[in-house]
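Take a look at the structure below.
FYI, side chains are in, hydrogens and waters are out, and symmetry mates aren't considered; it's all heavy atoms of this structure. Whatever order the structure lists ligands and atoms in, that order sets their numbers, starting from 1.
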Amino acid sequence: MDRNDSRRTAPKELSADQVERQRCFAAQVAQMHQSAGRTGENAPGCFIQTFGCQQNEADSEQMAGLASMMGYRITADAASAKLILVNTCAIREHAEKKALSVIGQFKHYKDADPEVIIGVGGCMVTQQHRADQLKHSYPYVSFIFDTGSIHTLPELLCAALQGGKRHFHIPHAEDIAEGLPIHRETSHKAWLSVMYGCNNFCSYCIVPYTRGRERSRMPDAILAQAKELIASGAKDITLLGQNVNSYGKDLGGGENFASLLRDIAALDGDFRLRFMTSHPKDVSPELIAVMSENEKIVRHFHLPVQSGSDGILKRMNRRYTAEKYLQTVTALRKAMPDISLTSDIIVGFPGETDADFEATMDMLRAAQYDMVFSFIYSPRKGTPAAEMPDQIPHEVSTERFARLLELQNAVSLARNNRFVGRTVRVLAEEVSRTDETKITGRGDSPRPIHFSGTPDLIGDFVNVKITSADTFSLNAEIAGEA
Ligand code: 5AD
Ligand code: SF4
């Protein structure tokens, strides 16, 4: 994997000039705060509200990194913040409504303190009608920025602080910004983006329009970041991309996701690797082999099926059949018999008949997922499915949705029960949200495991014995430190 490989088409990265330009703006903002005596404990607060997927969480860490570089203190208290950033999601209408309602509530902070600056980023604002809506109906929002132009925050903020015009232009930027500062909430868990965008154009999905075409990061940049993360204490690293299996296709240098995974897993250190999301059509035998040969890669595969009906899959433009999908499941289970599988399902896609829905129920029975994220279809403006005939009435979708949950809950409980009596190596992640005498961690399976323990364990691997299973979690006791 050589940056100078003649076959390679290097991804378009930001030029040194563009990076330098943003550094200058960041220095100006930091200088403004410094001359106003706003440093140290007096540093202005920056509050970031994140909606949506892991990619958005990773993006918010970059926003927080840039804000810290500009002299802000990252805070969980929106009321005291001088800078409020909202990182939005557009995947379903509900996500957009929630974001708009939260942005609406932030008006009070701006009314109480005109110095407060509100900026809105993420997938929602990439759509012109939402950008226009924010410009015209939310006059207290100073600027918007799309997912590809997070690096321009210093420039946008500098202009806003100097009383410049409000900024509502969406550049649809697609160059990769390497080397942005990152502010992480925890050191033991880390996101690591390996690629951005999606080329699949599933007919229901807004992502290819909001995040643009697939762009892979250079392998050496990813490996360098992985090394840094491990050196700074990361024990659980999740490689992120809208479709990680496409990694490298645009680089033309012969690397692919399997080779990237193998190279990261070969790094020294006590850490484990996860990745998401994978498209079922692209799961290669090489990827399955790399996983099964390497214990640092967790025995978990998130493999969204979306529907069990071939007719619906075709209209979703998923490019696999239920049979082909199940062959991949079989190959995964053959190589790693105890692997945890999870999936995404859309209920009520246009034209979904009772028989189509029953095919999805059959898929749940056949695939035996540990966990399923299910969603009622939400038409997204500009996607082909939104124009399809036979949109399903909400009552029909909600009734199907409830039946699907009932079936999956039974499957999940049965799957979770397989762990009872076993000793599992978990990463202690946080104090349990419902019982402060307990610690919550995770093994390979994404299910939370609760066990009695003290906060000093957080960030360590611990061996626990599973004592009982619920539908959504497992209970355990410490079996001795790993
Ligand atoms: N409506 C409902 N669910 C959707 N998803 C993506 N687009 C839509 C939509 N328009 C779901 C898919 C995807 C997950 C991240 O969100 O299941 O895998
Ligand atoms: Fe959306 Fe399909 Fe791309 Fe996933 S693979 S982000 S569902 S278009």
Item to check | Pair H302 and F373, ring centroids less than 6.0 Å apart | outcome: yes
Next on the checklist: Give the atom numbers and elements of ligand 2 that come within less than 4.0 Å of a heavy atom of Q242.
Outcome noted: 6 (S)
Checklist entry - With a cut-off of 4.0 Å, which atoms of ligand 1 are near a heavy atom of Q306? => result 12 (C), 13 (C), 17 (O), 18 (O)
Checklist outcome for this item: shortest atom 2 (Fe) of ligand 2-to-protein heavy-atom contact is with C202 SG, 2.3 Å
Next on the checklist: Looking at every non-hydrogen atom in both residues, tell me the closest pair between V372 and Y369 and how far apart they are.
Outcome noted: CG2-CD1, 3.5 Å
Checklist entry - Taking the non-hydrogen atoms of R318, is any one of them nearer than 4.0 angstrom to ligand 2? => result yes
Item to check | Atoms of ligand 2 close to P208 [distance to a heavy atom under 4.0 angstrom, numbered from 1] | outcome: 8 (S)
Item to check | Donor-acceptor pair, side chain of R184 and main chain of I182, under 3.5 angstrom | outcome: no
Item to check | Location of contacts on I91 toward ligand 1, heavy atoms closer than 4.0 Å | outcome: both
Checklist entry - Testing S412, S473, S340 for side chain to side chain donor-acceptor pair (under 3.5 Å) with R447, which one passes? => result S412
Checklist entry - Can an N, O or S atom be found in C198 less than 2.8 Å away from atom 3 (Fe) of ligand 2? => result yes
Item to check | Residue and atom name of the nearest protein heavy atom (relative to atom 18 (O) of ligand 1), distance in Å to one decimal | outcome: D344 OD2, 2.6 Å
Checklist entry - What atoms of ligand 1 come within less than 4.0 Å of a heavy atom belonging to R92? => result 1 (N), 2 (C), 3 (N), 4 (C), 5 (N), 11 (C), 16 (O)
Checklist entry - Does a salt bridge link R415 with D370, judged by any charged N lying under 4.0 Å from a carboxylate O? => result yes
Item to check | Donor-acceptor pair, side chain of N416 and main chain of T471, under 3.5 angstrom | outcome: yes
Item to check | Minimum heavy-atom distance R442-R274, with the two atoms named | outcome: CB-NH2, 4.2 Å
Checklist entry - Are more than 12 heavy atoms from other residues, nucleotides or ligands located less than 6.0 Å from atom NE2 of H94? => result no
Checklist entry - Heavy atom under 4.0 Å from ligand 2: found in P304's side chain, backbone, both, or neither? => result neither
Item to check | T277 and ligand 1 - part of the residue with a heavy-atom distance under 4.0 Å | outcome: neither
Next on the checklist: To check your reading of the model: name the closest protein heavy atom to atom 7 (S) of ligand 2, its residue, and the distance in Å.
Outcome noted: Y204 OH, 3.4 Å
Checklist entry - Relative to ligand 2, is N243 under 4.0 angstrom through side chain, backbone, both or neither, heavy atoms considered? => result neither
Checklist entry - Do F401 and F375 have ring centroids that are under 6.0 Å from one another? => result no
Checklist entry - When you measure from atom 1 (Fe) of ligand 2 to every protein heavy atom, which one gives the shortest distance, and what is it? => result C205 SG, 2.2 Å
Next on the checklist: Tell me the protein heavy atom at minimum distance from atom 5 (S) of ligand 2, and give that distance in Å.
Outcome noted: N200 ND2, 3.4 Å
Next on the checklist: Do the side chains of R400 and D354 get close enough for a salt bridge, i.e. N-O under 4.0 angstrom?
Outcome noted: yes
Checklist entry - Out of curiosity, is I376 lining ligand 1, as in a heavy atom under 4.0 Å away? => result yes
Item to check | Carboxylate-amine/guanidinium proximity below 4.0 Å for D59 and R211 | outcome: yes
Item to check | Salt bridge flag under 4.0 Å for residues K249 and D282 | outcome: yes
Item to check | Region of Y204 engaging ligand 1 - heavy atom pairs below 4.0 Å | outcome: both
Checklist outcome for this item: For S378, the atoms of ligand 1 under 4.0 Å from one of its heavy atoms are 1 (N), 2 (C), 9 (C), 10 (N)
Item to check | Sub-3.5 Å N/O-N/O distance, R380 and ligand 1 | outcome: no
